[in-house]
Amino acid sequence: MSQLSFEFPDNSVKQFDDGITAEDIAKSISISLGKKAVAGKVDGKLVNNQEPLHKGGKIEIITGDSQDGLSVLRETAAQILKMAIANDFKNIQFGESEADEDGFFVDTDKPETQISVDQLSDLSKSMEKIIKQDLPIKVVELSQADALKLVDGDAYQAELIKENTIDGKVKFYEIGDFKSIAEGAVLASTGKVKIFKLLSVAGAYWQGKSSNPMLQRIYATAFNKQKELDADLAKRKEAHERDHRVIGNELDLFFVDPKVGAGLPYWMPNGATIRRTIERYIVDKEVAHGYQHVYTPVLANLDLYKQSGHWAHYREDMFPPMDMGDGEMLELRPMNCPSHIQIYNHHIRSYRELPLRIAELGMMHRYEKSGALSGLQRVREMTLNDGHTFVALDQIQEEFQRILKLMVEVYNDFDIKDYKFRLSYRDPENTEKYFDDDEMWNKAQKMLKGAMDELGLDYVEAEGEAAFYGPKLDVQTKTALGNEETLSTIQLDFMLPERFDLHYVGEDGKQHRPVMIHRGLVSTMERFVAYLTEIYKGAFPTWLAPHQVKIIPVSQDKHGDYANKINDQLRQLKIRSSVDTRAEKMGYLIRDAQTHKIPYTLVVGDEEVNGNSVSVRRYGEKNTESESLDGFVNEIQKDIASYSRNE
RNA sequence: GCCGUUUUAGCUCAGAAGGUAGAGCAUUUCCAUGGUAAGGAAAAGGUCCCGGGUUCAAAUCCCGGAAACGGCUCCA
């Protein structure tokens, strides 16, 4: 019998007989590991615990409590769900199914009526039955022809079979008389899945292409322990409470009125205060870093966007042009770059001016698809913290790194930590979506990657995520609900300078072509406020909080004057303070200040009037502290000056 | 845009077998004048998302539309 050689995570290498299973390998290491093992991972691919191995390689033993172990559990639960669906519904077809870090899903298609949310509880019961029977799950191999016969009439399965055929054969899971295409690894029997929950039903395009038919997707999750499921459900609930739309409503930050228009938010005074604070901060910051802030019109002649290429490549995201009746067509701008190009082009530029940094809080309009709109995260009118630097070829690297450094500085001020870099390239399969110049694309993409590598930063690479005019470095964050979104972005652009025939006069007295770097640091005001609301859970750091101080007199009659005096003094210092004059009990007013997440609540009564002091209660704390008025003013000013930093 | 669900007072939600609706909180007024998370009472507040149809009668049934929500696709 031939021998297989396996390398373990600790780099030790052991020999086993051909046909050994992951389970037996685990047992050979220790009895306890043998018990805990649920699957193996050979060269990064999950394999069933009982599957005979015929190839050596790097091996890992997967235990039930690991992330991979959870995937195996969920993959098993997905198979049980599929079997339950197949039992309960006739003529149902299956699309893809997948297990990931959040749970698992199964796609189905049923010609007449789709599976609805109401049927989830019945499906759960059917799954319970299958689990109770503790049916063994076997892996069987069928020839492609047999496999296709098995799924006769299910075009999706037929497609998947073709994708999964290796050497003319396809692996299937077999549970009783139910068979389903095998990918990844599953547990040995249905009884090993105990804790699961069917969560929701949603639509999903077959193979993720919007030109394909839409299938019904059932989302669900599974865990080893009830406690873990409970914790997960609690986390989902907490995420909902953190959702900027929920907090935005509670704290009266913004609203959207369908009568006026979807995706066109109204900023209430509280939200407007937060936004104004951010705007002032970022404009000051950029000016200090050599940016020249400008204002440019949100409307422009359509010809501008024909020249820029937006009309050709970006039209479906643009509002239809306004026909002015005299041959003039006006367009609401979807991006600010052409506007800033006009600023650049207004003078003859010298190499001495480069890098020329033009910035604006630029309002733009994009006709987002109705289904994509979401609170302040996805809107149709937005104001971008936009900036374009015009550089000479040999300045790209340095300017790129400068921008990145500035970005990190800004992130620190807002205490933003949870993000990752993504290099976004064009889709090589679908180049007609982009400006057509292979050489430019390759050059720009290589330059971006080179700059990131030189800084030694971690990033992921993603094809098909570029802007139509160039590749990007995107900073990806997650919303409360776990959806990924782009916050900041730096984009390299050789195209627009070409299209608008931009020049600068070089040291040699000749004309040269500049390169543009598009960059957004704090995203759009809409998305950024949404993001901050979620990471702070509505408890904005003092510098951003719409109401920074609430003063509560113990008795309106006796202490109202003192409260007003403090209030005036704080307002003189530009601190957002107010006195609660409502004729309510103190406890009520304090509760109100706390539920509105106001950073500082000051209670003033006889003691404070006599001692020229204040009783300070900070948001979220039960303790109060008596401080001199001067001491408090000093403290809050320091607090505001420190932004959101958490050092 | 697509699939599914939803839309009732400022907010969170009940309810309505077809006979024009209710709670809590918020608001206003009155009483209570208080020391760190809800004092009491009363009042006011509704095109039951919009349009059309069926009906003696529609908030409820039917058709169409809009918006929101969960996803998919797309994206700052």
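Letters A, B, ... are given to chains in the order of the sequence lines, protein chains preceding strands, and every chain is numbered from 1. Any value given below was found using the heavy atoms of this structure, including those in side chains, with hydrogens, waters and symmetry copies removed.
Across all strands shown, the partner of B:C2 is B:G71, judged by Watson-Crick or G-U wobble contacts whose two distances both fall under 3.5 Å. Nucleotide B:A66: paired with B:U7 (Watson-Crick or G-U wobble, both distances less than 3.5 Å). In this structure B:A21 sits in no base pair that meets the Watson-Crick or G-U test at under 3.5 Å. The nucleotide B:A16 finds no pairing partner, because no Watson-Crick or G-U wobble arrangement with both distances shorter than 3.5 Å includes it. A 3.5 Å limit on both hydrogen-bonding distances identifies no Watson-Crick or G-U partner for B:U60. B:U27: Watson-Crick or G-U partner is B:A43, with both key distances under 3.5 Å.
Separating the NZ atom of A:K585 from the C1' atom of B:A32 is a distance of 7 Å, rounded to the nearest angstrom. The interatomic distance linking A:L251 (CG) with B:A26 (P) rounds to 16 Å, in whole Å. Straight-line distance from the CD atom of A:E584 to the P atom of B:G35: 15 Å, rounded to whole Å. For the pair A:L199 CG and B:G70 P, the interatomic distance rounds to 14 Å; values are reported in whole Å. Between the CG atom of A:D317 and the P atom of B:G1 there is a distance of 13 Å, rounded to whole Å. Between the OH atom of A:Y469 and the P atom of B:C75 there is a distance of 12 Å, given to the nearest Å. Separating the CD atom of A:Q556 from the C1' atom of B:A32 is a distance of 14 Å, rounded to the nearest angstrom.
Here A:S370 reaches the OP1 or OP2 of B:G1: one of its side-chain N or O atoms lies under 4.0 Å away. OP1 or OP2 of B:A37 sits under 4.0 Å from a side-chain N or O of A:R617. Close to B:C74, at under 4.0 Å from its OP1 or OP2, lies no side-chain N or O of A:R366. At B:G70, none of the side-chain N or O atoms of A:N483 fall inside 4.0 Å of OP1 or OP2 (strictly under the cut-off). Dashed line: the shortest gap from a side-chain N or O of A:R519 to OP1 or OP2 of B:A76 is not under 4.0 Å. For A:K433, no side-chain nitrogen or oxygen approaches OP1 or OP2 of B:C74 to under 4.0 Å. Residue A:Y588 has a polar side-chain atom (N or O) positioned under 4.0 Å from OP1 or OP2 of B:A26. Note on A:R245: a side-chain N or O is less than 4.0 Å away from OP1 or OP2 of B:C69.
Checked against the 6.0 Å centroid criterion, the rings of A:F104 and A:F196 do not qualify as a close aromatic pair. Between A:Y266 and A:F254, the distance separating the two ring centers is not shorter than 6.0 angstrom. Taking the ring centroids of A:F528 and A:F414, they lie under the 6.0 Å cut-off.
A:A204 comes within 4.0 angstrom of the backbone, heavy atoms only, and of no base. A:Q594 comes within 4.0 angstrom of a base, heavy atoms only. The residue A:E608 sits close to a base: some heavy atom pair falls under 4.0 Å. A:T486 comes within 4.0 angstrom of sugar-phosphate atoms only, judged by non-hydrogen atoms across all strands, and of no base.
In the interface, the side chain of A:R378 is paired with the base of B:C74 through a donor and an acceptor atom under 3.5 Å apart.
With contacts defined as side-chain heavy-atom distances shorter than 4.5 Å, the pair A:H293/A:E286 qualifies.
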Are A:R333 and A:S339 close enough, and set up right, to give a side-chain hydrogen bond (donor to acceptor under 3.5 Å, both in side chains), and what steps lead you there? CA-CA 9 Å; A:R333 70 173 171 203; A:S339 310; 3.0 Å; yes
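Among A:L160, A:L215, A:I85, the single residue meeting the side chain to side chain contact (heavy atoms under 4.5 Å, CB included) criterion with A:F94 is A:I85.
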